[in-house]
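Input: a single structure, listed below in C-alpha cells.
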Amino acid sequence: MKLKYMSVYEGLEHIEDLKALSSYRPGTRKGYIYVVEFRKDGGGLCKIGQTGCPFTRIHGMYYSDFIPTDILRFAVSPAHKDPLSTEQYLHKSFDDVRIPNTELFKVGFEQAVEFSDRTISAILARQQAEFTDLSNKETAFCRSYNPMSIIHHIATFPPDKQGQVVRMVNAYLAGMKFQDHIQKNLL
C-alpha cells in the first residue's frame, strides 16, 4: 500500500504512538480522519470516522461494548481543516457497503485507507491553494495603502472571508499608524 498522508499502525500495541498526534485544541476546526479495521466473524470490518484526538478515540473503541471485537490495525490522517466534511464524503463514497445506521463498512482496510489517503491528498492540495491565494491577496492588499484599492481587494474575497479581511485591514492600518508614530516620534 503506497500512501502519501495516512499513517498505518499494525495492532493496538502502537496506540501510544498516537499521543504525539493528538494536539487538538478546542476552538480549532482541525481534526483527523481514522480508519480502524476490526476482526468480526472472520471477515473484515472497518470504521471510518473523524476526531480531534485519535488516541482517545481509538483507545476508547478498544474498551467499548459497541464493537466487541479485536482492533487489527488502524490508519490516521494528518490534522486538516474541516474533518467532518471529509468524513461525510468518505461515508457517502462507501455507502453501498455501509452497515445501516453506523460508521461501519464491510470494505477491505487497504481499499478504505487508500481512498481516504487520495481524498485527503486532494483536500490538502486545495487547502494549500486556498492559503496561497489568500497570501497573495494579503500581499497585494498590504502593498496598497489607497482606500479605494483596499475596498476593491475586500470585494475580491468570498463573502465568508470578508470579515477576516476587514480584521486584517484594521490590524494592518493600526500597524501602519504605529510604525508612522515610531518613525515620527522616536527615530
Side-chain angles (χ1 to χ4, degrees), residues 1-135 158 160-161 163-164:
M1 195 170 18
K2 186 175 178 176
L3 303 172
K4 189 171 183 180
Y5 291 104
M6 299 286 286
S7 299
V8 176
Y9 302 88
E10 298 286 334
L12 201 57
E13 62 271 10
H14 296 286
I15 196 159
E16 294 293 319
D17 297 345
L18 296 182
K19 284 185 177 180
L21 293 177
S22 301
S23 60
Y24 174 73
R25 289 182 204 91
T28 66
R29 292 183 6 174
K30 287 191 171 186
Y32 303 83
I33 293 295
Y34 62 85
V35 178
V36 177
E37 181 183 34
F38 300 100
R39 179 180 19 244
K40 186 169 176 85
D41 302 327
L45 185 66
C46 290
K47 181 173 186 328
I48 301 170
Q50 61 90 23
T51 183
C53 185
F55 172 79
T56 302
R57 184 69 186 107
I58 294 171
H59 191 266
M61 277 185 236
Y62 178 70
Y63 292 104
S64 170
D65 292 334
F66 173 66
I67 305 171
T69 187
D70 295 331
I71 293 176
L72 298 176
R73 54 190 168 163
F74 53 92
V76 179
S77 76
H80 64 284
K81 192 169 63 172
D82 200 11
L84 182 60
S85 294
T86 306
E87 177 193 43
Q88 290 168 346
Y89 175 79
L90 292 170
H91 286 181
K92 203 176 289 184
S93 298
F94 288 111
D95 203 41
D96 58 329
V97 293
R98 185 178 197 159
I99 296 174
N101 303 315
T102 70
E103 292 182 345
L104 300 173
F105 302 85
K106 290 182 181 180
V107 64
F109 180 76
E110 288 84 6
Q111 181 184 358
V113 171
E114 286 174 351
F115 185 80
S116 298
D117 189 68
R118 285 192 308 272
T119 301
I120 289 163
S121 178
I123 288 167
L124 291 175
R126 188 183 72 240
Q127 288 176 1
Q128 179 61 41
E130 288 172 0
F131 176 78
T132 300
D133 183 50
L134 187 60
S135 295
D160 63 322
K161 301 277 188 221
Q164 179 183 352

Check: [Y] and [X] side chains under 4.5 Å, non-hydrogen atoms:
| X | Y | value |
| --- | --- | --- |
| Y34 | K47 | yes |
| T86 | Q50 | no |
| T51 | T56 | no |

Not counting sequence neighbours, which residues clear side chain to side chain contact (heavy atoms under 4.5 Å, CB included) with I99? List them please.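 Checked I99 against side chain to side chain contact (heavy atoms under 4.5 Å, CB included); matches are L45, T102, L104, K106.
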
Donor-acceptor contacts under 3.5 Å from residues 108-125 side chains, at least two apart:
{"unit_1": "E110", "atom_1": "OE2", "unit_2": "R73", "atom_2": "NH1", "d": "3.2"}
{"unit_1": "E110", "atom_1": "OE2", "unit_2": "R73", "atom_2": "NH2", "d": "2.7"}
{"unit_1": "S116", "atom_1": "OG", "unit_2": "A112", "atom_2": "O", "d": "2.7"}
{"unit_1": "D117", "atom_1": "OD1", "unit_2": "K4", "atom_2": "N", "d": "3.4"}
{"unit_1": "D117", "atom_1": "OD1", "unit_2": "Y5", "atom_2": "N", "d": "2.6"}
{"unit_1": "D117", "atom_1": "OD1", "unit_2": "M6", "atom_2": "N", "d": "2.7"}
{"unit_1": "D117", "atom_1": "OD2", "unit_2": "K4", "atom_2": "N", "d": "2.8"}
{"unit_1": "T119", "atom_1": "OG1", "unit_2": "F115", "atom_2": "O", "d": "2.9"}

Tell me which pairs pass salt bridge (Lys or Arg N to Asp or Glu O under 4.0 Å) where either residue lies in residues 74-99, with sequence neighbours left out.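 Sorted result for residues 74-99: K81-E130.
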
Any chance you could measure Y89, atom OH, to I48, atom CD1, to the nearest 0.5 Å?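 Going from the OH atom of Y89 to the CD1 atom of I48 covers 12.0 Å.
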
For Y32 and H80, what are the C-alpha separation, side-chain angles and deciding distance, and is it a ring-ring contact (aromatic ring centres under 6.0 Å, His included)? CA-CA 7 Å; Y32 303 83; H80 64 284; 8.1 Å; no

